[in-house]
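Below you'll find the structure, written out as structure tokens, and then a few comments.
So you know, we letter chains A, B, ... as the sequences are listed, proteins then strands, and number each from 1.
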Number of protein chains: 2
Amino acid sequence: MSRPLAAALAVMLLAGCAAPLRGTGDLGVVVERADGRVMVVESTTSSVLASVPGLGDLSHAALVYSRDERFAFVFGRDGGLTKVDVLTGSVAARVVQSGNSIGGAMSQDGSLVAVANYTPGGIKVFDTASLSLVADIPAMGADGKPSKVIGIADLPGRKFIYTLYDAGEIWIADLADPAKPGLRKFTNIGKLPYDALITGDGRWYLAGLFGEDGIALLDLWNPDKGVRRILDHYGKGKEALPVFKMPHLRGWAAAGTEIWLPAIGHHQVLVVDKGNWTEKARVEVAGQPVFVMARPDGRQVWVNFAVPDYNLIQVIDVPTKRVVKTIEPGKAILHMEFTPKGERVWLSARDSDKVVVYDTETLEPVAELPAVKPSGIFFTARAHKTGL
Amino acid sequence: MSRPLAAALAVMLLAGCAAPLRGTGDLGVVVERADGRVMVVESTTSSVLASVPGLGDLSHAALVYSRDERFAFVFGRDGGLTKVDVLTGSVAARVVQSGNSIGGAMSQDGSLVAVANYTPGGIKVFDTASLSLVADIPAMGADGKPSKVIGIADLPGRKFIYTLYDAGEIWIADLADPAKPGLRKFTNIGKLPYDALITGDGRWYLAGLFGEDGIALLDLWNPDKGVRRILDHYGKGKEALPVFKMPHLRGWAAAGTEIWLPAIGHHQVLVVDKGNWTEKARVEVAGQPVFVMARPDGRQVWVNFAVPDYNLIQVIDVPTKRVVKTIEPGKAILHMEFTPKGERVWLSARDSDKVVVYDTETLEPVAELPAVKPSGIFFTARAHKTGL
């Protein structure tokens, strides 16, 4: 290498310029689950910018973003926590922090990332700058046994809320002083909470129960009122249908004053009135719903399905509550993600090895990107939202 | 300059690396109105990154962001439209496109920026990449006269909605084909609409009327139903109070199912039920409200005031609708902006030549930044939101 060129590269590296300068508001990450790799993508012209390997087992991976939208914190099935720099397309840091993790959350101020673990259970909290461990909080239920943790989300003021699957409890960890985390526990919320969601305003936390019929609800503006049960006997158990894939509550949909949820086992989507928390309507769909997601303006809800209907997507018109289109974008549609203002939606077709982009007005495909066994798609706009 | 260094800089510039690589999700712009200059700031550690001069008359400036959160499009009182690169802290492009502009909007897909003009009225639409003019749409009212345009916002699918101040009309311009813009007009909406807002879901467009008592409402999911009047005789004219500063509707607040609005002339904030569009409550405040803005979680509403009460800020607790704190952050508080997840709020104190940052939980100041006659504060997270 010539001396001037070497000097140029040295200066570029010193200036943090290993990649071209660009904004990060239109970036995203697509998980290539089989290869332990993620693609960095941009949604303005629908292209792939980089491929980042070395993330371990991503067979059920999720991620959250730093508040500057530069770093993705990827939670792997092998307990790996990998900090990916989406600007340089490289791994900035990686720790294997447990045996199996299911998801995580970014603190409101962006300083802490919390990981919810299956094995050995509990949560671990890391400094987002260094990935150094700042708190390790086991999840021993009232029954004295360690519990898997699911449904973790951030709350205002360095707090995290999460649910103990085995123990049937909801906990809030306060990391104002990370050396002495405060814990508030809500016990006996119901059997086998399988996933949870928090509404975008951070007020309502809902834990879906697999062990019984209903949903546990906590009003975080009035936590002293405790957990109450809603949608009791909403149908999950009535006919004891086999469940081919657990639905994801985190793919919840808030459209106006309604919350749209997948009905476990049934070929239905539930519409719940957010005012009184009762069932308002059911929409018949083509299979067992997995993700039920609202377009950002709340006018459409998009649904994907469990085996054997997982090649289909259905689009529901929210005002009329009718399925307006059934789409077959490819094989094994595992996830979807809307662009921040909702003009497009990206769908991962795992068994077609591609990501398909649809225009949400015409409901027609407008772009395709090759991807190896793609699963989760996550745009950086999530950085600005509670619970995502 | 040595040859290696010159080569290094040349390579850096070629690589687009005139500034350090960084994410843009935590960036923002503060208008320094008297000097035609903006400061680029970041909200993670509350610091100033750059100062960008040469933007003309910024005495009532507003701006919108590109969808990648890299460029701010600043609308000046001299009709200037300036594209500011917040990464390099420089002017990327500038055109003087009218005699006086009041604001603008970014199309849903990020390809077009529309400017609303006072002089000579109408809107002009520019390509966001090149700032070349793609459409010039005069605003001739049904009365055959040119009209000032106010309250412009983006709608799904390259559409913009705006209000004709003099003519009392609402127009929707469809730029699907920029060479042949489509126009839909709603006439006779009421006298002297002074500002307008669109709800975050893009469904409801409200134009406040200065010439009569009430607000014109358009349901954009059902535009054929036309414009209806709400909050008729809500008090503006009852006592014919002098109005020291027109309130800004764009600083509206949606908290749950309520919309909080400044009552013109009165020392009150109106709470409107979004379900039936009737007045639900009024909150007495310390002066004539200008901006009434909800913390992103909708649990607090912050209010600033017109002369002579413009050194005050009041914080209202949404559930109880009570003023919980009156703050004096500095002299002449012109604007406020919440960080995306709401942990902090930035306030511009024009006559104290500073920006003050408050913690929204403790309601205490946590940082200060010197700024010359600061007015508007705009964080890049607006890029992801309809109407901002």
Side-chain angles (χ1 to χ4, degrees), chain A residues 3-12 15-27 42-44 65-71 86-88 108-110 154 156-157 201-203 221 255-257 274-275 296-299 319 339-344 360-361 380-381 383-386, chain B residues 3-12 15-27 42-44 65-71 86-88 108-110 154 156-157 201-203 221 255-257 274-275 296-299 319 339-344 360-361 380-381 383-386:
Chain A
R3 261 182 54 200
L5 185 55
L9 289 173
V11 171
M12 283 173 66
C17 282
L21 212 58
R22 64 159 296 143
T24 51
D26 61 343
L27 298 184
E42 58 78 29
S43 66
T44 300
Y65 283 101
S66 60
R67 78 187 294 285
D68 65 357
E69 297 186 335
R70 176 172 178 176
F71 298 101
V86 297
L87 274 177
T88 60
Q108 185 190 33
D109 67 357
D154 52 304
D201 59 7
R203 176 168 184 179
W221 291 11
T257 56
K274 222 177 103 186
D297 68 351
R299 192 166 184 179
T339 54
K341 281 188 171 180
E343 72 277 16
R344 292 184 170 185
T360 62
E361 277 301 308
T380 52
H384 299 326
K385 295 185 178 173
T386 295
Chain B
R3 263 184 51 199
L5 185 56
L9 289 173
V11 171
M12 283 173 66
C17 281
L21 211 58
R22 63 159 297 143
T24 52
D26 62 343
L27 298 185
E42 58 79 28
S43 68
T44 300
Y65 283 100
S66 60
R67 78 187 292 287
D68 65 358
E69 297 187 336
R70 175 172 179 176
F71 298 101
V86 297
L87 273 177
T88 60
Q108 185 189 34
D109 67 357
D154 53 303
D201 59 8
R203 176 166 185 182
W221 290 10
T257 56
K274 221 177 105 187
D297 67 352
R299 191 165 184 181
T339 54
K341 281 188 172 181
E343 72 277 18
R344 292 184 170 185
T360 62
E361 277 301 308
T380 52
H384 298 327
K385 295 186 179 172
T386 295

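- The OG1 atom of Thr24(A) sits 8.0 Å away from atom CG of Leu87(B), with the distance rounded to the nearest 0.5 Å.
- For the set Arg344(B), Lys341(B), Lys385(B), the entry with the most heavy-atom pairs within less than 4.5 Å of chain A is Lys341(B).
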Starting from the C-alpha separation in whole Å, work towards a yes-or-no answer on side-chain contact (heavy atoms from CB on, under 4.5 Å) for Arg67(A) and Glu343(B).
CA-CA 12 Å; Arg67(A) 78 187 294 285; Glu343(B) 72 277 18; 3.2 Å; yes

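- Most heavy-atom pairs under 4.5 Å with chain B: of the set Pro296(A), Gly202(A), Ser43(A), Pro319(A), this distinction falls to Ser43(A).
- Looking only at side-chain heavy atoms (C-beta outward), Glu69(A) and Glu69(B) come within less than 4.5 Å of each other.
- Between Asp297(A) and Thr386(B) the shortest side-chain heavy-atom distance does not fall below 4.5 Å.
- In this structure, the portion of Thr257(B) lying under 4.5 Å from any heavy atom of chain A is its side chain and not its backbone.
- Contacts of Lys274(B) with chain A are absent, with no heavy-atom separation under 4.5 Å from either backbone or side chain.
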Show, in sequence, the C-alpha distance, side-chain angles and deciding distance for Glu42(B) and Asp68(A), and conclude whether the side-chain contact (heavy atoms from CB on, under 4.5 Å) test is met.
CA-CA 9 Å; Glu42(B) 58 79 28; Asp68(A) 65 357; over 6 Å; no

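- By number of non-hydrogen pairs under 4.5 angstrom with chain B, the leading residue of Gly110(A), Gly342(A), Pro340(A) is Pro340(A).
- Heavy-atom distances place no part of Thr360(A) under 4.5 Å from chain B, backbone and side chain included.
- Here the side chains of Thr339(B) and Gln108(A) are not in contact, with every heavy-atom distance at 4.5 Å or above.
- Only the backbone of Ala383(B) comes within less than 4.5 Å of a heavy atom of chain A; no side-chain atom from C-beta onward does.
- Using a 4.5 Å cut-off between heavy atoms, Arg299(A) touches chain B through backbone and side chain atoms alike.
- Between chain B and the options Gly25(A), Gly157(A), Gly23(A), Gly275(A), the largest number of non-hydrogen pairs under 4.5 Å is found for Gly25(A).
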